[in-house]
Structure formats: C-alpha cells, structure tokens
Amino acid sequence: MDNRLIFEKSDSGITANYVKKPEIGLKEPKEILPANYLRNDLELPSLGELEVVRHYTNLSKRNFSLDTNFYPLGSCTMKYNPKINEELSSLEGFLNLHPYQNEECLQGALELIYNLEALLCEITGMSRFSFQASSGAQGELTGMLMVRKYHKVMKNKKRKVIIPDSSHGTNPATSSMCGYETVVIESNKDGLIDLDKLNKAVDSETAAIMLTNPNTLGLFEENILEVAKIIHKNGGLLYYDGANFNPLLGITNPQLMGFDVIHLNLHKTFSTPHGCGGPGAGAVGVIDKLSGFLPAPVIDKKKDKFYFNYKIEHSIGKVRAFHGNFSVLVRAYAYLLRLGREGLVRVAQNATLNANYIREKLKNDYNLASSKPSMHEVVFSCTKQKEKGASALDIAKRLIDYGMHPPTMYFPLIVKEALMVEPTETESRKTLDYFIESMLKINKEIDENKEILHNAPSTTAVKRVDEVRAARNPNLRWTKEK
Ligand SMILES: *Cc1c(COP(=O)(O)O)cnc(C)c1O
C-alpha cells in the first residue's frame, strides 16, 4: 500500500495540463490579468492526470462506508438509504432551482415542502414544522430559541434546563448556548429518568427538560407521562430530541407523550446518507401554542397557491438561508411516500427486532447496560472483558479486522466500557449473525491471544491514532521537509 501524500508523489515539471497554446491570436492569462492575480509560489503537486486519478481512487477505496460494510454506530442511524431517493433529489427540476426565483415558478418545490410538513405532523402529532436547520444540533438550537422566546413573551422567569445524564452531548451544549443553566439529573439503576430526582430538580425557574425517548441507552422512558406532568405543572416545556426516530414510526408519537417542541434528523431516520459533515436537515416541529415562534418564513397555501408566509407573530427570525438543505427534504418525502403507513411501522418493528436479536445472542457473553428491553439500539458494558485485559476500545478496533465499523464506544458516559450497537432496520439476519459470531470470537480471543486485540486493527493503512492529540492539536498542513 502506497501511503505517500500526493505532495510526496509529486515530480516537478510534470503536468496534467495539455491545453495547447492559443494559435489564433487569443491572449494568454498573463497578458490579460493584473500581475498580482497570478502566482507562481503556490506549492502545488506536479503529477500527470492518470496519477491524480489513481491517487484519489485508491484513497476512496480506503473509505469505510455503508455501501461497503456493516456500520452499527449507535445513536447515528447508519442505515441503507435507497438509491432511488438520490436520483429523485437529482431531478433537474429540483437541482436547478434557485431560491430567488419568484413563488410562481417555485410551486412544485413549495408543494413538496408543504406535503412533507403534513406527513411529519401526522407522524409526530406536531402542528407545524420548520426545515431551515441543517443538522440535528442546529434543530435543537432552533427549538430551544423558541422555548426561550416563548418564556420571554409569556413573561415567565426561567433560568434552568433539566437534562438527564444519559442525554446526547448536543443537548447540554444547546441549553448553554441559549443562556440557560443546565441541571443534570442522574438516571436510576434501570437507566431511566429518576422521578424523585426530577421532582427535586424542577421548580418555577425550570424552562424546559430536554429528552430523547427512547433514551441514549436505547430504552423507552416508561414514565414519560409523569415526567410531562411534573414539567408542565411548573410552567416548563418538553423538548424532544428525535434524531433517531426509527423505533417509534407509526407506533406512538412525541405529542402523545406530552412533548411541546421536537427535532427530527431527516438525515438519520428519513433517508439521507450522512456522516463526515454531509448535508443534513434538522426538522423542527412544534405544538400549536408554539407555532407563532417558528423561524420565518413557513410555507402556506392560499387558493391552490403555495407561498412563503413571513407573518409569524413572535418568530425567532431566520436560522439559515432560504429553506435549508432542500435535497434532503426531497429524499425524506420520497422515502415517506414509498414506504407509506405500513412500511413505516415495519421500519420501527425491524429496527427494534434487530437490536433485540443482537442483545439476546450476546447477553451471556457481554454484560448489558440495563435489564430493560431495548428499542432500536442496545448498549453493552464490556466490564468482564476489561477484567480479562481487553477494553471496549480493543474490541471495537478488532471489529475493523473483521470488516465492520465499530459501534459507538464509551457513550453514554454513564455506562462503563460501553459499546452501543445500533444495527438499524435495513440489515439482514445474515449480517447480524456475522456480527454476533465475530463478537463471540473476539471474546474468545481475549483468553487465547490478547495481543491480537491490543494490536488491532491489523488490516488498515493507519493503526490506532492518537485521538486526543488530533483533537487538541490539529495539524493538517503539509510542509515540505527542508
Ligand atoms: C445525531 C444526534 C444529534 C445531533 O445531530 P447532528 O445532525 O449530528 O447535529 C442529536 N441528538 C441525538 C440523540 C443524536 O443521535
């Protein structure tokens, strides 16, 4: 394997440029452009076109992707997204739209957003949606800015946001960005919200609770109605982090559970390939009493015409240009129409079945984080393995040698040696069996030859990277060795 950078492969004087010198009196760039526009001091690599093509094609083959292997990354919903949705979002009519076209000739796109909103309202029980936010985290910020404005308009004195210790890291980040004090409550021994602790933490200054259900342990918060009662009684609101909504589709919804404002990651649950900062959409939904706070504009319909409605009384303003990542909305819409009601229920059932299948097959060899049944993901606690000399990290890295992406590790933070497995609804039983078999084999390897685990992965170009250093001291600049 040639691990050299493209700069190291560079061979001075070689170029991929084969444009002939102009013969018919056309001017060369240096004759037209001011001298300071032309630079000769850029240290660009010199390579032929074929070398460039090979360099990048070989690099691309080292990418790990859902199209190549199993990717059970917990709390991420790395599922297969039908290719037809890619084609539909690339239709010329969608692709070549410009947001400054007038409403007349945007009718098809506006109708799509309008219809998508109606479907998501039906699925979640919310009254309205905004599609501006480009990610789950930005959706949370949008939702919590609405919570803040709501309390301001209502003249409620609010200071605190309650967040369970099992929450996704973006939740406390969002609450802090909105200027709230974050009050963390410890989960009970089952991994659920502790009602006694919640009762003690809530008071008249509680602005909201931010929750996900199923929570990050993959468990259904069975006391959610009681939680809603406690928060609402104190004048607070319930924020629902619906990033991974798979297990609930068509089964129940956040409105029935008492939530007031939610976000869905269309790029996780509703079919857009994601990861590495690709385009996303954090669709933010609200119940009726918060609809006057949505980012403007929303899309409404008057006499068969769709239009941008900027008249939103207490709108928090815009959170992003235009209507967010429109192509993600097209994929979500195509996905929903294709599956329909029955298909969506099967998504929920299969996501849950797959997680529980893995749970049952591995629970004798790996400890579970909770004795409660799992929803769409299952969290193991590799403490037995740790005692024998192999950590969750070692196991995760060894899975790469078996051709699979590691599950989420050391999250949620409240679980020791956590491995969080989210198989998703799109994996076959054969794939799940291979994963299970590999996990069992790895467990045996700990007794037979721990070194294999400590040195894993052995099949990749890069072994174990120093993740802390990469985060604290990112140095991505190539400098020529002098
Ligand atoms: C992925 C995720 C988020 C954040 O979504 P991004 O699109 O990555 O910003 C928030 N909450 C939960 C529970 C998630 O799984």
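Just so it is clear, the values below take in all heavy atoms, side chains as well, and ignore hydrogens, waters and symmetry mates.
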Side chain [X], main chain [Y], donor-acceptor under 3.5 Å:
{"X": "N188", "Y": "D190", "answer": "yes"}
{"X": "N356", "Y": "T352", "answer": "yes"}
{"X": "S60", "Y": "T57", "answer": "yes"}
{"X": "E427", "Y": "P423", "answer": "no"}
{"X": "D165", "Y": "S187", "answer": "yes"}
{"X": "N234", "Y": "G236", "answer": "no"}
{"X": "S315", "Y": "L294", "answer": "yes"}
{"X": "T212", "Y": "D241", "answer": "yes"}
{"X": "E360", "Y": "Y357", "answer": "no"}
{"X": "S271", "Y": "N81", "answer": "no"}

Can you give me the closest heavy-atom contact between [X] and [Y], atom names plus distance?
{"X": "I262", "Y": "Y239", "result": "C-OH, 4.0 Å"}
{"X": "I209", "Y": "L198", "result": "CD1-CD1, 3.8 Å"}
{"X": "N213", "Y": "L248", "result": "O-CD1, 3.4 Å"}
{"X": "A201", "Y": "T206", "result": "O-OG1, 4.1 Å"}
{"X": "M375", "Y": "A355", "result": "O-CB, 3.3 Å"}

For [range], which residue pairs pass the salt bridge (Lys or Arg N to Asp or Glu O under 4.0 Å) check, not counting sequence neighbours?
{"range": "residues 321-338", "answer": "E86-R331"}
{"range": "residues 116-131", "answer": "E117-R128, E122-R341, R128-D300"}
{"range": "residues 246-273", "answer": "none"}
{"range": "residues 301-321", "answer": "E104-K305"}

Problem set entry | Centroid-centroid under 6.0 Å between Y100 and F322 rings | yes
For this session: Apply side chain to side chain contact (heavy atoms under 4.5 Å, CB included) to the pair I123 and L344, showing each step before the final yes or no.
Result: CA-CA 10 Å; I123 289 169; L344 289 175; 3.8 Å; yes
Please tell me whether [X] and [Y] have a donor and an acceptor in their side chains that are separated by less than 3.5 angstrom.
{"X": "N215", "Y": "E221", "answer": "yes"}
{"X": "T170", "Y": "E140", "answer": "yes"}
{"X": "T408", "Y": "S75", "answer": "no"}
{"X": "N246", "Y": "E425", "answer": "yes"}
{"X": "T124", "Y": "N253", "answer": "no"}
{"X": "H263", "Y": "Y240", "answer": "no"}

Exercise. Does Q132 have any side chain to side chain donor-acceptor pair (under 3.5 Å) partners at least two apart in sequence or in another chain, and if so, which?
Worked result: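 None.
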Exercise. Who passes side-chain contact (heavy atoms from CB on, under 4.5 Å) against S428, sequence neighbours left out?
Worked result: K430, T431
Problem set entry | With sequence neighbours excluded, residues passing side-chain contact (heavy atoms from CB on, under 4.5 Å) with H55 |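 Result, side-chain contact (heavy atoms from CB on, under 4.5 Å) vs H55: I6, K9, L59.
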May I ask you to decide whether [X] forms a salt bridge with [Y], counting only side-chain N to carboxylate O separations under 4.0 Å?
{"X": "K157", "Y": "E205", "result": "no"}
{"X": "E422", "Y": "K79", "result": "no"}
{"X": "D433", "Y": "R429", "result": "yes"}
{"X": "E181", "Y": "R159", "result": "yes"}

For this session: State the CD1-CG distance between I113 and L329, to the nearest 0.5 angstrom.
Result: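 With rounding to 0.5 Å, CD1 (I113) is 5.5 Å from CG (L329).
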Exercise. I231 and side chain to side chain contact (heavy atoms under 4.5 Å, CB included): which partner among V202, L211, L237?
Worked result: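 Looking at V202, L211, L237, the match for I231 under the side chain to side chain contact (heavy atoms under 4.5 Å, CB included) is V202.
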For this session: Let me see the working for Y410 and E417 under side chain to side chain contact (heavy atoms under 4.5 Å, CB included), right down to the final yes or no.
Result: CA-CA 6 Å; Y410 299 100; E417 296 297 315; 3.0 Å; yes
For this session: Scan for ring pair (Phe, Tyr, Trp, His ring centres under 6.0 Å) pairs involving residues 192-228, sequence neighbours excluded, and state none if there are none.
Result: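 Not a single pair qualifies under ring pair (Phe, Tyr, Trp, His ring centres under 6.0 Å).
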Exercise. Applying ring pair (Phe, Tyr, Trp, His ring centres under 6.0 Å), which residue pairs with at least one partner in residues 62-84 are found, sequence neighbours left out?
Worked result: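 Qualifying pairs, neighbours excluded: F64-Y71, F64-H405, F70-F435, Y71-H405.
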For this session: Tell me, please, which residues at least two apart from K158 pass salt bridge (Lys or Arg N to Asp or Glu O under 4.0 Å).
Result: none
Problem set entry | Partners passing salt bridge (Lys or Arg N to Asp or Glu O under 4.0 Å) against D194 (at least two apart in sequence or in another chain) |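 Result, salt bridge (Lys or Arg N to Asp or Glu O under 4.0 Å) vs D194: K197.
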Problem set entry | Derivation of the side chain to side chain contact (heavy atoms under 4.5 Å, CB included) call for H314 and K152 | CA-CA 10 Å; H314 302 295; K152 198 173 160 203; over 6 Å; no
Problem set entry | E186 CD: over 12 foreign heavy atoms closer than 6.0 Å | no
Under 3.5 Å, sequence neighbours excluded: what are the donor-acceptor pairs made by side chains of residues 280-290?
none

Exercise. Would H376 and T424 satisfy side chain to side chain contact (heavy atoms under 4.5 Å, CB included), going step by step from the backbone distance to the final call?
Worked result: CA-CA 7 Å; H376 60 304; T424 80; over 6 Å; no
Exercise. F308 vs H323 aromatic rings, parallel, tilted or perpendicular, using cut-offs 30° and 60°?
Worked result: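 Rings of F308 and H323: parallel, as their planes differ by under 30°.
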